[in-house]
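Contents: one structure, followed by commentary.
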Amino acid sequence: MDDDGGIERLEARPRLDGPVLLSEPDPRWAGEGEAQVRAVATVLGTQALLVEHVGSTSIPGLVAKPILDLVVEVPDPRDEQSDAPALVDLGYRLVHREPGWHDHRLLKRSEPSLSDCTT
């Protein structure tokens, strides 16, 4: 753990002082979001209580950062062995844990044009 509000970072903290890239709405975002939701729901099976494409790219016609966000709810996010290996097999990597905030975890796709997932 570091002194950053109890967040356990597994990668270096990203720089937050650079420009933010916003893109015109891309009709492919909806289809890619749906594909990632299906993929995550399929590999997690009954472990996935909720899988949704969320954030700015999920809103048709909205200018957004070209990063797809998913929210995934699992029965016990602390039990990473029950779901994380399947997400890693899909190309996600665990970036950080926030045990003090609903045991939140952040996973990102290795492929930058694809979705990020938060559980």
Side-chain angles (χ1 to χ4, degrees):
M1 301 260 181
D2 61 19
D3 61 355
D4 190 16
I7 296 174
E8 178 184 357
R9 294 189 188 282
L10 304 175
E11 294 185 359
R13 176 191 287 250
R15 289 187 58 145
L16 300 175
D17 60 349
V20 174
L21 171 66
L22 295 177
S23 296
E24 290 298 320
D26 187 332
R28 296 176 296 177
W29 292 340
E32 188 176 329
E34 289 173 19
Q36 286 301 308
V37 164
R38 280 192 308 274
V40 168
T42 297
V43 300
L44 293 183
T46 59
Q47 284 295 108
L49 303 176
L50 172 75
V51 183
E52 291 186 9
H53 176 202
V54 298
S56 55
T57 59
S58 70
I59 302 169
L62 187 66
V63 171
K65 294 185 296 182
I67 298 171
L68 298 180
D69 295 312
L70 302 183
V71 63
V72 178
E73 182 182 355
V74 295
D76 184 357
R78 294 167 297 181
D79 182 13
E80 291 179 11
Q81 289 308 307
S82 67
D83 54 70
L87 295 172
V88 168
D89 288 346
L90 278 180
Y92 290 92
R93 67 187 189 285
L94 183 60
V95 175
H96 74 247
R97 297 179 184 98
E98 293 179 82
W101 190 66
H102 308 285
D103 292 309
H104 175 258
R105 292 176 296 157
L106 175 66
L107 292 92
K108 290 189 172 192
R109 285 285 305 229
S110 297
E111 179 101 16
S113 65
L114 298 176
S115 309
D116 288 346
C117 174
T118 185
T119 64

Evaluate His96 against His104 for side-chain contact (heavy atoms from CB on, under 4.5 Å), listing each step before the verdict.
CA-CA 9 Å; His96 74 247; His104 175 258; 4.3 Å; yes
Taking the basic N atoms (NZ, or NE/NH1/NH2) and the acidic carboxylate oxygens, is any pair closer than 4.0 Å for Asp69 and Lys108?
no
Within-4.5 Å side-chain heavy-atom neighbours: Val63 and Glu24
yes
Might you point out which heavy atoms bring Glu80 and Arg105 nearest each other, and give the distance in Å?
CG-NH1, 3.0 Å
side-chain contact (heavy atoms from CB on, under 4.5 Å) evaluation trace for Val72 with Leu50:
CA-CA 5 Å; Val72 178; Leu50 172 75; over 6 Å; no
Heavy-atom distance under 4.5 Å between the side chains of Gln36 and Arg109, does that happen here?
yes
What one should report as the nearest heavy-atom pair of Ala48 and Ala41 is CB-CA, 4.5 Å
Closest contact, heavy atoms only, Gln47 versus Pro75:
O-CD, 3.1 Å
Determine the minimum heavy-atom distance between Thr57 and Lys65, stating which atoms define it.
CG2-O, 3.3 Å
Identify the two heavy atoms, one from Leu68 and one from Gly33, that lie closest to each other, and give their separation to 0.1 Å.
CD1-N, 3.7 Å
Those residues at least two apart in sequence (or on a different chain) that pass side-chain contact (heavy atoms from CB on, under 4.5 Å) with Val37 are Val51, His53, Leu70
Remaining members of Ile59's ILVMFWY cluster at a side-chain heavy-atom cut-off under 4.5 Å?
Leu62
Straight-line distance of Glu8 CD to Leu94 CG, nearest 0.5 Å
8.0 Å
Nearest heavy-atom neighbours spanning Leu49 and Val74
CD1-C, 3.8 Å
When you group the ILVMFWY residues by side-chain heavy-atom contacts below 4.5 Å and let the links chain together, are Ile67 and Val20 in the same group?
no
How long is the span from the CG atom in Asp103 to the CG atom in Asp79, to the nearest 0.5 Å?
11.0 Å
Quick check: do Leu87 and Val40 have side-chain heavy atoms less than 4.5 Å from each other?
yes
So, do Trp29 and Ser23 sit near enough that their side-chain heavy atoms are less than 4.5 Å apart?
yes
Under the criterion side chain to side chain contact (heavy atoms under 4.5 Å, CB included), which of Leu22, Leu21, Asp26 is the partner of Pro66?
Leu21
